[in-house]
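Worth saying up front: this structure is predicted, and the values here are computed from it rather than measured.
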Amino acid sequence: MSRFELDDLVQRLRIDAAGKAMHEQIRELYPICRSTTGDGVRETLRILGRGLPLRIVEVPSGTRALDWVVPQEWNVRAAWLKDPAGRTIADLRWSNLHLVGHSHPVRARMSLAELRPHLHSLPEHPDWIPYRSSVYRPDWGFCLPHRLLSTLLPGEYEVVIDSTLSDGSLSYGEVILPGESTDEVLLSSHVCHPSLCNDNLSGLALLSLLGRHLAGVTHRFTYRLLFAPVTIGAICWLARNESDLGRIRHGLVVTLVGDSGPITYKRSRRGNAPIDRAFAHVLAQRGPHEIRDFEPLGYDERQFCSPGFDLPVGCLMRTPHGEFPEYHTSADDLEFVTPRALEDSLAAVLAALGVLERDRCYRNLAAKGEPQLGRRGLLGSGPLASSLGRAMAWVLNLSDGQHSLLDIAERSRLPFATIHEAASALCTTDLLRPVDG
Ligand code: ZN
(Lines give C-alpha, C1' and ligand atoms only; values in the text may rest on other atoms or scores of the structure.)
Protein backbone atom coordinates (compact mmCIF):
# COMPACT_ATOMS: atom_id res chain seq x y z
CA MET A 1 0.00 0.00 0.00
CA SER A 2 1.25 3.45 -0.81
CA ARG A 3 -0.05 6.85 0.18
CA PHE A 4 -2.45 8.56 -2.18
CA GLU A 5 -0.26 10.71 -4.33
CA LEU A 6 -1.69 12.08 -7.51
CA ASP A 7 1.31 11.45 -9.74
CA ASP A 8 1.76 8.05 -8.24
CA LEU A 9 -1.82 7.09 -8.92
CA VAL A 10 -1.80 8.46 -12.45
CA GLN A 11 1.31 6.44 -13.17
CA ARG A 12 -0.17 3.36 -11.57
CA LEU A 13 -3.31 3.67 -13.67
CA ARG A 14 -1.41 4.22 -16.87
CA ILE A 15 -4.11 6.66 -17.90
CA ASP A 16 -3.87 5.44 -21.45
CA ALA A 17 -4.87 1.92 -20.47
CA ALA A 18 -7.53 3.36 -18.17
CA GLY A 19 -9.34 4.99 -21.12
CA LYS A 20 -9.54 1.66 -22.93
CA ALA A 21 -10.62 -0.15 -19.76
CA MET A 22 -13.48 2.31 -19.19
CA HIS A 23 -14.58 2.03 -22.80
CA GLU A 24 -14.57 -1.77 -22.51
CA GLN A 25 -16.75 -1.58 -19.41
CA ILE A 26 -19.18 0.71 -21.25
CA ARG A 27 -19.31 -1.85 -24.07
CA GLU A 28 -20.19 -4.59 -21.58
CA LEU A 29 -22.92 -2.53 -19.88
CA TYR A 30 -24.40 -1.09 -23.09
CA PRO A 31 -26.83 -3.91 -24.04
CA ILE A 32 -28.41 -4.24 -20.58
CA CYS A 33 -32.01 -3.00 -20.38
CA ARG A 34 -32.04 -0.63 -17.42
CA SER A 35 -34.75 1.51 -15.92
CA THR A 36 -35.32 3.08 -12.51
CA THR A 37 -36.00 -0.34 -11.00
CA GLY A 38 -35.58 -3.96 -12.02
CA ASP A 39 -33.08 -6.67 -12.86
CA GLY A 40 -31.21 -4.51 -15.38
CA VAL A 41 -30.02 -2.25 -12.57
CA ARG A 42 -29.01 -5.24 -10.43
CA GLU A 43 -27.05 -6.81 -13.29
CA THR A 44 -25.33 -3.46 -13.90
CA LEU A 45 -24.42 -3.10 -10.23
CA ARG A 46 -23.02 -6.63 -10.22
CA ILE A 47 -20.68 -5.74 -13.10
CA LEU A 48 -19.72 -2.35 -11.64
CA GLY A 49 -18.95 -4.01 -8.32
CA ARG A 50 -16.29 -6.39 -9.63
CA GLY A 51 -13.18 -5.90 -7.54
CA LEU A 52 -15.02 -3.52 -5.21
CA PRO A 53 -16.76 -4.08 -1.86
CA LEU A 54 -20.08 -3.08 -3.44
CA ARG A 55 -23.22 -3.54 -1.38
CA ILE A 56 -26.57 -3.62 -3.16
CA VAL A 57 -29.32 -1.98 -1.11
CA GLU A 58 -32.94 -2.91 -1.89
CA VAL A 59 -35.66 -0.41 -0.97
CA PRO A 60 -39.17 -1.98 -1.16
CA SER A 61 -41.79 -0.56 -3.54
CA GLY A 62 -44.14 1.78 -1.71
CA THR A 63 -41.47 2.97 0.76
CA ARG A 64 -41.79 6.65 1.53
CA ALA A 65 -38.53 8.55 1.04
CA LEU A 66 -38.58 12.28 1.78
CA ASP A 67 -41.42 13.60 -0.44
CA TRP A 68 -41.40 10.58 -2.74
CA VAL A 69 -42.66 6.99 -2.83
CA VAL A 70 -40.59 4.15 -4.33
CA PRO A 71 -42.35 3.01 -7.54
CA GLN A 72 -43.20 -0.57 -8.47
CA GLU A 73 -40.44 -2.71 -9.89
CA TRP A 74 -40.39 -3.01 -13.67
CA ASN A 75 -39.02 -5.92 -15.64
CA VAL A 76 -39.39 -6.81 -19.29
CA ARG A 77 -38.79 -10.07 -21.13
CA ALA A 78 -39.77 -9.12 -24.68
CA ALA A 79 -41.43 -6.34 -26.65
CA TRP A 80 -42.15 -5.95 -30.34
CA LEU A 81 -44.31 -4.14 -32.82
CA LYS A 82 -45.54 -5.71 -36.10
CA ASP A 83 -46.97 -3.86 -39.06
CA PRO A 84 -50.15 -4.92 -40.95
CA ALA A 85 -48.04 -7.17 -43.20
CA GLY A 86 -46.73 -9.04 -40.15
CA ARG A 87 -43.24 -7.57 -40.42
CA THR A 88 -41.52 -6.70 -37.13
CA ILE A 89 -40.72 -2.99 -37.19
CA ALA A 90 -39.37 -2.60 -33.63
CA ASP A 91 -38.00 -5.20 -31.26
CA LEU A 92 -36.49 -4.82 -27.81
CA ARG A 93 -33.77 -7.26 -28.90
CA TRP A 94 -32.57 -4.81 -31.56
CA SER A 95 -32.29 -1.89 -29.16
CA ASN A 96 -33.75 -1.42 -25.73
CA LEU A 97 -34.39 2.22 -26.68
CA HIS A 98 -37.24 0.93 -28.90
CA LEU A 99 -39.42 0.45 -25.81
CA VAL A 100 -40.50 3.35 -23.60
CA GLY A 101 -38.95 2.58 -20.22
CA HIS A 102 -41.37 1.31 -17.57
CA SER A 103 -44.03 0.48 -20.23
CA HIS A 104 -46.87 -1.51 -18.68
CA PRO A 105 -47.78 -4.87 -20.27
CA VAL A 106 -49.75 -4.77 -23.53
CA ARG A 107 -50.98 -7.48 -25.91
CA ALA A 108 -53.23 -5.91 -28.50
CA ARG A 109 -54.05 -5.33 -32.14
CA MET A 110 -54.89 -1.79 -33.04
CA SER A 111 -55.19 0.68 -35.90
CA LEU A 112 -52.42 3.08 -36.78
CA ALA A 113 -54.58 5.91 -35.42
CA GLU A 114 -54.81 4.16 -32.04
CA LEU A 115 -51.13 3.27 -32.07
CA ARG A 116 -49.83 6.63 -33.21
CA PRO A 117 -50.00 8.47 -29.78
CA HIS A 118 -47.74 5.71 -28.40
CA LEU A 119 -45.01 6.16 -31.04
CA HIS A 120 -42.12 8.59 -30.60
CA SER A 121 -39.50 9.77 -33.09
CA LEU A 122 -37.13 12.63 -33.81
CA PRO A 123 -38.03 14.35 -37.09
CA GLU A 124 -34.85 16.46 -36.94
CA HIS A 125 -32.68 13.31 -36.72
CA PRO A 126 -34.66 10.80 -38.78
CA ASP A 127 -32.22 7.88 -38.34
CA TRP A 128 -31.96 8.04 -34.56
CA ILE A 129 -34.16 6.34 -31.96
CA PRO A 130 -35.14 8.66 -29.11
CA TYR A 131 -35.01 7.61 -25.44
CA ARG A 132 -38.26 7.90 -23.50
CA SER A 133 -39.26 6.67 -20.06
CA SER A 134 -42.45 6.91 -18.06
CA VAL A 135 -41.79 5.90 -14.48
CA TYR A 136 -44.33 7.99 -12.62
CA ARG A 137 -47.19 8.04 -15.16
CA PRO A 138 -48.66 4.69 -16.31
CA ASP A 139 -48.01 4.51 -20.04
CA TRP A 140 -46.52 2.40 -22.81
CA GLY A 141 -44.92 3.16 -26.12
CA PHE A 142 -42.33 2.51 -28.77
CA CYS A 143 -39.56 4.75 -30.08
CA LEU A 144 -38.67 4.55 -33.77
CA PRO A 145 -36.44 6.28 -36.28
CA HIS A 146 -38.56 8.98 -37.88
CA ARG A 147 -37.61 7.68 -41.32
CA LEU A 148 -39.47 4.45 -40.47
CA LEU A 149 -42.37 6.05 -38.58
CA SER A 150 -43.16 8.39 -41.47
CA THR A 151 -43.66 5.43 -43.84
CA LEU A 152 -46.14 3.46 -41.69
CA LEU A 153 -49.33 2.56 -43.56
CA PRO A 154 -52.86 2.28 -42.17
CA GLY A 155 -53.96 -1.19 -41.07
CA GLU A 156 -53.88 -3.41 -38.03
CA TYR A 157 -50.70 -3.42 -35.93
CA GLU A 158 -49.73 -6.01 -33.33
CA VAL A 159 -48.30 -4.74 -30.05
CA VAL A 160 -46.65 -7.07 -27.54
CA ILE A 161 -45.02 -5.80 -24.37
CA ASP A 162 -44.25 -8.70 -22.07
CA SER A 163 -43.39 -6.67 -18.99
CA THR A 164 -44.30 -6.76 -15.31
CA LEU A 165 -44.92 -3.92 -12.90
CA SER A 166 -45.20 -5.34 -9.42
CA ASP A 167 -44.20 -4.83 -5.81
CA GLY A 168 -40.49 -5.46 -5.58
CA SER A 169 -37.77 -2.98 -4.82
CA LEU A 170 -35.52 -0.22 -6.02
CA SER A 171 -31.83 -1.18 -6.05
CA TYR A 172 -28.81 1.01 -5.54
CA GLY A 173 -25.16 0.17 -5.02
CA GLU A 174 -22.82 1.65 -2.47
CA VAL A 175 -19.09 1.21 -1.96
CA ILE A 176 -17.29 2.48 1.12
CA LEU A 177 -13.50 2.70 0.94
CA PRO A 178 -12.28 3.62 4.42
CA GLY A 179 -9.55 6.23 4.68
CA GLU A 180 -7.38 7.53 7.49
CA SER A 181 -10.24 9.86 8.45
CA THR A 182 -13.97 9.24 8.73
CA ASP A 183 -14.50 12.48 6.78
CA GLU A 184 -16.03 11.44 3.51
CA VAL A 185 -15.89 12.17 -0.20
CA LEU A 186 -19.17 11.25 -1.92
CA LEU A 187 -18.86 10.25 -5.58
CA SER A 188 -22.15 9.57 -7.33
CA SER A 189 -23.33 8.47 -10.74
CA HIS A 190 -26.81 7.51 -11.99
CA VAL A 191 -27.41 3.93 -12.99
CA CYS A 192 -30.92 3.93 -14.50
CA HIS A 193 -30.47 4.80 -18.18
CA PRO A 194 -30.59 2.03 -20.82
CA SER A 195 -28.28 1.88 -23.87
CA LEU A 196 -26.87 5.39 -23.66
CA CYS A 197 -23.11 5.64 -23.39
CA ASN A 198 -22.35 9.21 -22.40
CA ASP A 199 -25.49 9.52 -20.23
CA ASN A 200 -24.48 7.70 -18.19
CA LEU A 201 -22.35 4.60 -18.73
CA SER A 202 -19.38 6.98 -18.94
CA GLY A 203 -19.87 8.16 -15.35
CA LEU A 204 -20.43 4.63 -14.06
CA ALA A 205 -17.30 3.31 -15.77
CA LEU A 206 -15.18 6.20 -14.51
CA LEU A 207 -16.29 5.79 -10.90
CA SER A 208 -15.96 2.03 -10.79
CA LEU A 209 -12.43 2.20 -12.21
CA LEU A 210 -11.51 5.02 -9.84
CA GLY A 211 -12.93 2.99 -6.96
CA ARG A 212 -10.88 -0.10 -7.83
CA HIS A 213 -7.71 1.96 -7.82
CA LEU A 214 -8.54 3.90 -4.66
CA ALA A 215 -9.07 0.52 -3.00
CA GLY A 216 -5.38 -0.22 -3.62
CA VAL A 217 -3.84 2.91 -2.08
CA THR A 218 -4.14 4.50 1.34
CA HIS A 219 -5.95 7.80 1.35
CA ARG A 220 -6.89 10.45 3.84
CA PHE A 221 -10.65 10.58 3.17
CA THR A 222 -13.15 7.79 3.28
CA TYR A 223 -14.62 7.44 -0.21
CA ARG A 224 -18.27 6.59 -0.68
CA LEU A 225 -19.28 5.62 -4.21
CA LEU A 226 -22.98 5.70 -4.95
CA PHE A 227 -24.54 4.10 -8.04
CA ALA A 228 -28.25 4.91 -7.82
CA PRO A 229 -31.21 5.51 -10.14
CA VAL A 230 -31.48 9.22 -10.83
CA THR A 231 -33.70 11.29 -8.49
CA ILE A 232 -35.59 8.60 -6.54
CA GLY A 233 -32.40 6.57 -5.92
CA ALA A 234 -30.50 9.56 -4.56
CA ILE A 235 -33.57 10.54 -2.53
CA CYS A 236 -33.78 7.04 -0.99
CA TRP A 237 -30.08 7.16 -0.18
CA LEU A 238 -30.37 10.61 1.42
CA ALA A 239 -33.42 9.53 3.47
CA ARG A 240 -31.61 6.45 4.76
CA ASN A 241 -28.30 8.18 5.51
CA GLU A 242 -29.46 11.51 6.86
CA SER A 243 -27.72 11.05 10.22
CA ASP A 244 -24.33 10.46 8.52
CA LEU A 245 -24.40 13.32 6.03
CA GLY A 246 -22.35 15.54 8.35
CA ARG A 247 -19.29 13.45 7.47
CA ILE A 248 -19.39 14.51 3.81
CA ARG A 249 -16.63 17.05 3.25
CA HIS A 250 -16.64 16.94 -0.54
CA GLY A 251 -18.88 15.45 -3.19
CA LEU A 252 -19.10 15.05 -6.93
CA VAL A 253 -21.71 13.84 -9.39
CA VAL A 254 -20.01 12.31 -12.44
CA THR A 255 -21.91 12.11 -15.72
CA LEU A 256 -21.43 12.75 -19.44
CA VAL A 257 -17.67 12.32 -19.18
CA GLY A 258 -17.01 10.48 -22.45
CA ASP A 259 -17.80 12.92 -25.28
CA SER A 260 -15.19 14.97 -27.09
CA GLY A 261 -16.24 18.39 -25.76
CA PRO A 262 -14.19 20.29 -23.20
CA ILE A 263 -14.76 19.62 -19.50
CA THR A 264 -17.58 21.48 -17.75
CA TYR A 265 -17.61 21.74 -13.97
CA LYS A 266 -20.81 22.85 -12.27
CA ARG A 267 -20.32 24.36 -8.85
CA SER A 268 -22.14 23.21 -5.73
CA ARG A 269 -25.04 25.31 -4.41
CA ARG A 270 -22.57 26.82 -1.93
CA GLY A 271 -20.51 28.06 -4.87
CA ASN A 272 -17.20 28.22 -3.01
CA ALA A 273 -16.91 24.78 -1.44
CA PRO A 274 -13.37 23.34 -1.44
CA ILE A 275 -14.33 20.97 -4.28
CA ASP A 276 -15.50 23.96 -6.34
CA ARG A 277 -12.20 25.69 -5.72
CA ALA A 278 -10.15 22.52 -6.32
CA PHE A 279 -11.75 22.00 -9.75
CA ALA A 280 -11.40 25.68 -10.66
CA HIS A 281 -7.72 25.47 -9.76
CA VAL A 282 -6.86 22.25 -11.58
CA LEU A 283 -8.98 22.97 -14.67
CA ALA A 284 -7.35 26.38 -15.08
CA GLN A 285 -4.04 24.58 -15.48
CA ARG A 286 -5.34 21.89 -17.84
CA GLY A 287 -6.59 23.95 -20.78
CA PRO A 288 -10.03 24.68 -22.28
CA HIS A 289 -12.88 24.13 -19.87
CA GLU A 290 -15.99 25.82 -18.56
CA ILE A 291 -17.10 26.45 -14.99
CA ARG A 292 -20.78 27.05 -14.39
CA ASP A 293 -22.69 28.21 -11.38
CA PHE A 294 -25.12 25.91 -9.64
CA GLU A 295 -28.66 25.71 -10.93
CA PRO A 296 -31.37 23.40 -9.55
CA LEU A 297 -31.55 21.41 -12.81
CA GLY A 298 -29.46 18.54 -14.06
CA TYR A 299 -28.58 15.34 -12.19
CA ASP A 300 -28.52 14.27 -8.55
CA GLU A 301 -26.70 17.41 -7.44
CA ARG A 302 -30.31 18.69 -7.35
CA GLN A 303 -30.94 16.33 -4.42
CA PHE A 304 -27.57 16.65 -2.64
CA CYS A 305 -27.72 20.45 -2.97
CA SER A 306 -31.40 20.78 -2.00
CA PRO A 307 -31.64 23.47 0.69
CA GLY A 308 -32.36 21.03 3.53
CA PHE A 309 -29.03 19.25 2.88
CA ASP A 310 -26.89 21.81 1.00
CA LEU A 311 -24.01 19.36 0.68
CA PRO A 312 -20.76 20.50 -0.97
CA VAL A 313 -21.40 18.49 -4.15
CA GLY A 314 -20.43 19.66 -7.62
CA CYS A 315 -20.96 17.99 -10.99
CA LEU A 316 -18.34 17.02 -13.54
CA MET A 317 -19.37 16.73 -17.17
CA ARG A 318 -17.95 17.39 -20.58
CA THR A 319 -20.82 18.71 -22.77
CA PRO A 320 -23.82 19.31 -20.46
CA HIS A 321 -27.11 17.47 -20.92
CA GLY A 322 -29.36 18.72 -23.69
CA GLU A 323 -26.49 20.66 -25.30
CA PHE A 324 -25.44 17.99 -27.79
CA PRO A 325 -27.84 16.54 -30.37
CA GLU A 326 -27.01 12.92 -29.52
CA TYR A 327 -28.32 13.43 -25.94
CA HIS A 328 -31.03 10.87 -25.03
CA THR A 329 -30.90 9.20 -28.46
CA SER A 330 -29.47 6.06 -30.02
CA ALA A 331 -26.61 8.22 -31.34
CA ASP A 332 -25.23 8.38 -27.77
CA ASP A 333 -23.49 5.12 -28.61
CA LEU A 334 -20.12 3.38 -28.34
CA GLU A 335 -18.58 5.62 -31.00
CA PHE A 336 -19.79 8.82 -29.35
CA VAL A 337 -17.68 8.18 -26.25
CA THR A 338 -13.92 7.85 -26.64
CA PRO A 339 -11.16 6.36 -24.49
CA ARG A 340 -9.28 9.65 -24.81
CA ALA A 341 -12.13 11.75 -23.40
CA LEU A 342 -12.77 9.21 -20.64
CA GLU A 343 -9.13 9.22 -19.58
CA ASP A 344 -9.00 13.03 -19.69
CA SER A 345 -12.06 13.16 -17.42
CA LEU A 346 -10.49 10.65 -15.04
CA ALA A 347 -7.27 12.66 -14.95
CA ALA A 348 -9.26 15.80 -14.03
CA VAL A 349 -11.05 13.98 -11.21
CA LEU A 350 -7.74 12.59 -9.92
CA ALA A 351 -6.15 16.03 -10.04
CA ALA A 352 -8.99 17.60 -8.03
CA LEU A 353 -9.04 14.75 -5.51
CA GLY A 354 -5.27 15.03 -5.26
CA VAL A 355 -5.68 18.68 -4.21
CA LEU A 356 -8.35 17.85 -1.63
CA GLU A 357 -6.36 14.92 -0.24
CA ARG A 358 -3.30 17.12 0.35
CA ASP A 359 -4.98 20.38 1.26
CA ARG A 360 -4.44 21.31 4.88
CA CYS A 361 -3.29 24.17 7.07
CA TYR A 362 0.25 24.55 8.36
CA ARG A 363 1.91 26.82 10.87
CA ASN A 364 5.12 28.76 10.34
CA LEU A 365 7.16 28.19 13.50
CA ALA A 366 9.52 31.13 12.79
CA ALA A 367 6.93 33.71 11.83
CA LYS A 368 8.70 36.83 13.09
CA GLY A 369 10.71 38.12 10.15
CA GLU A 370 11.67 35.88 7.27
CA PRO A 371 13.48 32.73 8.35
CA GLN A 372 16.91 32.11 6.86
CA LEU A 373 16.40 29.44 4.23
CA GLY A 374 20.00 29.21 2.98
CA ARG A 375 21.30 28.00 6.31
CA ARG A 376 18.75 25.14 6.14
CA GLY A 377 19.79 24.09 2.62
CA LEU A 378 16.46 25.19 1.09
CA LEU A 379 17.77 27.58 -1.57
CA GLY A 380 18.47 25.80 -4.84
CA SER A 381 19.20 27.36 -8.22
CA GLY A 382 17.64 27.46 -11.69
CA PRO A 383 14.09 28.26 -12.85
CA LEU A 384 12.48 25.35 -11.00
CA ALA A 385 14.18 26.40 -7.79
CA SER A 386 12.95 29.95 -8.29
CA SER A 387 9.29 28.89 -8.54
CA LEU A 388 9.80 26.61 -5.56
CA GLY A 389 11.49 29.49 -3.76
CA ARG A 390 8.50 31.74 -4.44
CA ALA A 391 6.19 28.98 -3.27
CA MET A 392 8.19 28.65 -0.02
CA ALA A 393 7.88 32.39 0.58
CA TRP A 394 4.09 32.18 0.11
CA VAL A 395 3.75 29.07 2.28
CA LEU A 396 5.75 30.64 5.09
CA ASN A 397 3.89 33.92 4.88
CA LEU A 398 0.35 32.52 4.81
CA SER A 399 0.83 29.48 7.06
CA ASP A 400 -0.67 31.05 10.15
CA GLY A 401 -2.84 28.02 10.88
CA GLN A 402 -5.79 29.62 9.05
CA HIS A 403 -4.84 29.44 5.37
CA SER A 404 -4.76 26.05 3.66
CA LEU A 405 -2.44 25.10 0.81
CA LEU A 406 -5.32 25.65 -1.63
CA ASP A 407 -5.82 29.17 -0.23
CA ILE A 408 -2.12 29.77 -0.78
CA ALA A 409 -2.17 28.33 -4.33
CA GLU A 410 -5.10 30.57 -5.25
CA ARG A 411 -3.59 33.70 -3.78
CA SER A 412 -0.08 33.14 -5.13
CA ARG A 413 -1.35 31.91 -8.55
CA LEU A 414 1.14 29.09 -8.29
CA PRO A 415 0.17 25.47 -9.04
CA PHE A 416 -1.05 23.53 -6.02
CA ALA A 417 1.58 20.87 -6.69
CA THR A 418 4.37 23.47 -6.33
CA ILE A 419 2.84 24.86 -3.14
CA HIS A 420 2.56 21.33 -1.76
CA GLU A 421 6.14 20.56 -2.71
CA ALA A 422 7.29 23.72 -0.93
CA ALA A 423 5.33 22.82 2.21
CA SER A 424 6.76 19.29 2.16
CA ALA A 425 10.31 20.66 1.89
CA LEU A 426 9.73 23.14 4.72
CA CYS A 427 8.32 20.37 6.92
CA THR A 428 11.68 18.56 6.74
CA THR A 429 13.12 21.51 8.71
CA ASP A 430 12.13 23.19 11.96
CA LEU A 431 10.12 25.87 10.11
CA LEU A 432 6.72 24.39 9.34
CA ARG A 433 4.30 21.91 10.88
CA PRO A 434 0.79 20.80 9.85
CA VAL A 435 -2.08 21.94 11.99
CA ASP A 436 -4.22 19.01 13.15
CA GLY A 437 -7.64 18.58 11.62
ZN1 ZN B 1 -30.43 11.33 -18.92
Side-chain angles (χ1 to χ4, degrees), residues 6-7 9-10 13-23 25-26 125 187-190 193 196-207 209-210 250-269 271-295 297-302 305 312-329 331-356 406 409-410 413 415-417:
L6 173 64
D7 299 339
L9 194 56
V10 170
L13 280 170
R14 290 187 51 243
I15 283 287
D16 183 41
K20 287 201 188 80
M22 287 184 277
H23 201 269
Q25 179 142 73
I26 290 171
H125 296 289
L187 301 170
S188 165
S189 203
H190 61 278
H193 284 30
L196 299 168
C197 289
N198 206 27
D199 181 21
N200 182 36
L201 295 177
S202 65
L204 297 172
L206 189 152
L207 282 195
L209 184 78
L210 176 63
H250 317 289
L252 186 68
V253 169
V254 180
T255 177
L256 304 170
V257 287
D259 66 272
S260 301
I263 283 180
T264 304
Y265 175 78
K266 175 181 164 183
R267 291 190 184 101
S268 71
R269 180 177 181 271
N272 64 346
I275 190 148
D276 300 327
R277 295 168 49 211
F279 268 104
H281 184 78
V282 300
L283 293 178
Q285 292 169 35
R286 296 180 86 257
H289 68 280
E290 187 182 346
I291 293 186
R292 295 192 177 184
D293 278 332
F294 176 78
E295 56 173 8
L297 302 161
Y299 294 94
D300 282 330
E301 68 277 12
R302 295 177 353 233
C305 297
V313 177
C315 179
L316 188 80
M317 302 166 275
R318 300 189 77 88
T319 309
H321 70 97
E323 297 183 22
F324 54 98
E326 295 84 355
Y327 172 72
H328 278 191
T329 77
D332 180 1
D333 61 9
L334 291 163
E335 278 67 51
F336 186 64
V337 294
T338 67
R340 178 180 287 273
L342 290 162
E343 74 199 29
D344 183 62
S345 301
L346 175 64
V349 173
L350 283 171
L353 294 180
V355 167
L356 296 171
L406 182 55
E410 286 175 336
R413 298 175 189 273
F416 182 90

Asks: Once the angle between the rings of Tyr265 and Phe279 is folded into 0 to 90°, is it parallel (under 30°), tilted (30 to 60°) or perpendicular (over 60°)?
Replies: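 Parallel: the ring planes of Tyr265 and Phe279 meet at under 30°.
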Asks: For Leu252, run the side-chain contact (heavy atoms from CB on, under 4.5 Å) check against Leu207, Val349, Val313 and tell me which one passes.
Replies: Val349
Asks: Could you state the interatomic distance from CD1 (Ile26) to CG (Leu206), rounded to the nearest 0.5 Å?
Replies: 9.0 Å
Asks: So Tyr327 and Asn198, side chain to side chain donor-acceptor pair (under 3.5 Å) or not? Walk me through it.
Replies: CA-CA 8 Å; Tyr327 172 72; Asn198 206 27; over 6 Å; no
Asks: Show the numbers, then the answer: is there a side-chain contact (heavy atoms from CB on, under 4.5 Å) between Leu316 and Ile263?
Replies: CA-CA 7 Å; Leu316 188 80; Ile263 283 180; 3.7 Å; yes
Asks: Taking His23 for its side chain and Gly258 for its backbone only, find out whether a donor-acceptor pair lies under 3.5 Å.
Replies: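 Checked: no pair found.
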Asks: Evaluate side-chain contact (heavy atoms from CB on, under 4.5 Å) for Phe336 paired with Thr329, printing each intermediate quantity in order.
Replies: CA-CA 11 Å; Phe336 186 64; Thr329 77; over 6 Å; no
Asks: Please determine if Arg292 and Glu301 form a salt bridge, counting it only when a charged side-chain N lies under 4.0 Å from a carboxylate O.
Replies: no
Asks: Would you give the length of the straight line joining atom CG of Asp293 to atom OG of Ser268, rounded to the nearest 0.5 angstrom?
Replies: 10.0 Å
Asks: Testing the basics here: between Arg277 and Asn272, what is the closest heavy-atom pair and its distance to 0.1 Å?
Replies: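 What the structure gives for the nearest pair is CD-O, 3.5 Å.
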Asks: Does a side-chain heavy-atom distance below 4.5 Å link Lys266 with Glu295?
Replies: yes
Asks: How long is the straight-line distance from OG of Ser202 back to CG of Asp332, given to the nearest 0.5 Å?
Replies: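 Between atom CG of Asp332 and atom OG of Ser202 there are 8.0 Å.
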Asks: Taking atom OG of Ser345 and atom CG of Leu210, what is their separation to the nearest 0.5 Å?
Replies: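 The CG atom of Leu210 is 12.0 Å from OG of Ser345, to the nearest 0.5 Å.
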Asks: Passes side-chain contact (heavy atoms from CB on, under 4.5 Å), His250 versus Leu353? Steps please.
Replies: CA-CA 9 Å; His250 317 289; Leu353 294 180; over 6 Å; no
Asks: For residues His328 and His193, establish whether the separation of their ring centroids is below 6.0 Å.
Replies: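 Yes, ring centres under 6.0 Å apart.
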Asks: Is there a side-chain contact (heavy atoms from CB on, under 4.5 Å) between Gln285 and His281 once you walk through the steps?
Replies: CA-CA 7 Å; Gln285 292 169 35; His281 184 78; 2.8 Å; yes
Asks: Looking only at non-hydrogen atoms, find the nearest pair between Leu283 and Ala348 and report the distance.
Replies: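 Where Leu283 meets Ala348 most closely, the heavy atoms are CD2-CB, 4.2 Å.
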Asks: Of the non-hydrogen atoms in Ala331 and Glu326, which two are nearest, and what is the gap between them?
Replies: CB-CG, 3.6 Å
Asks: Can you name the nearest heavy-atom pair linking Arg318 to Ala341, along with the distance?
Replies: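 That closest heavy-atom pairing would be NH1-O, 3.3 Å.
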Asks: Please lay out, stage by stage, how Asp259 and Thr319 fare under the test side chain to side chain donor-acceptor pair (under 3.5 Å).
Replies: CA-CA 7 Å; Asp259 66 272; Thr319 309; 2.7 Å; yes
Asks: For the atom pair CG (Leu196) and CG (Asn200), what is the distance rounded to the nearest 0.5 Å?
Replies: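 Here the interatomic distance stands at 9.5 Å.
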Asks: Could you report the tightest heavy-atom contact between Pro262 and Pro288, atom names first, then the distance?
Replies: CB-O, 3.8 Å
Asks: Give a yes or no answer on whether the side chain of Thr264 reaches the backbone of Glu290 with a donor-acceptor pair at less than 3.5 Å.
Replies: no
Asks: Would you confirm whether Arg302, through its side chain, and Gly298, through its main-chain N or O, come within 3.5 Å as a donor-acceptor pair?
Replies: yes
Asks: Which value, rounded to the nearest 0.5 Å, describes the distance between Leu256 atom CG and Asp199 atom CG?
Replies: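 The CG atom of Leu256 sits 5.0 Å away from the CG atom of Asp199.
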Asks: Taking all non-hydrogen atoms of both residues into account, name the closest pair between Leu346 and Ala18 and its distance.
Replies: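 Heavy atoms only, the tightest pair is CD2-CB, 3.9 Å.
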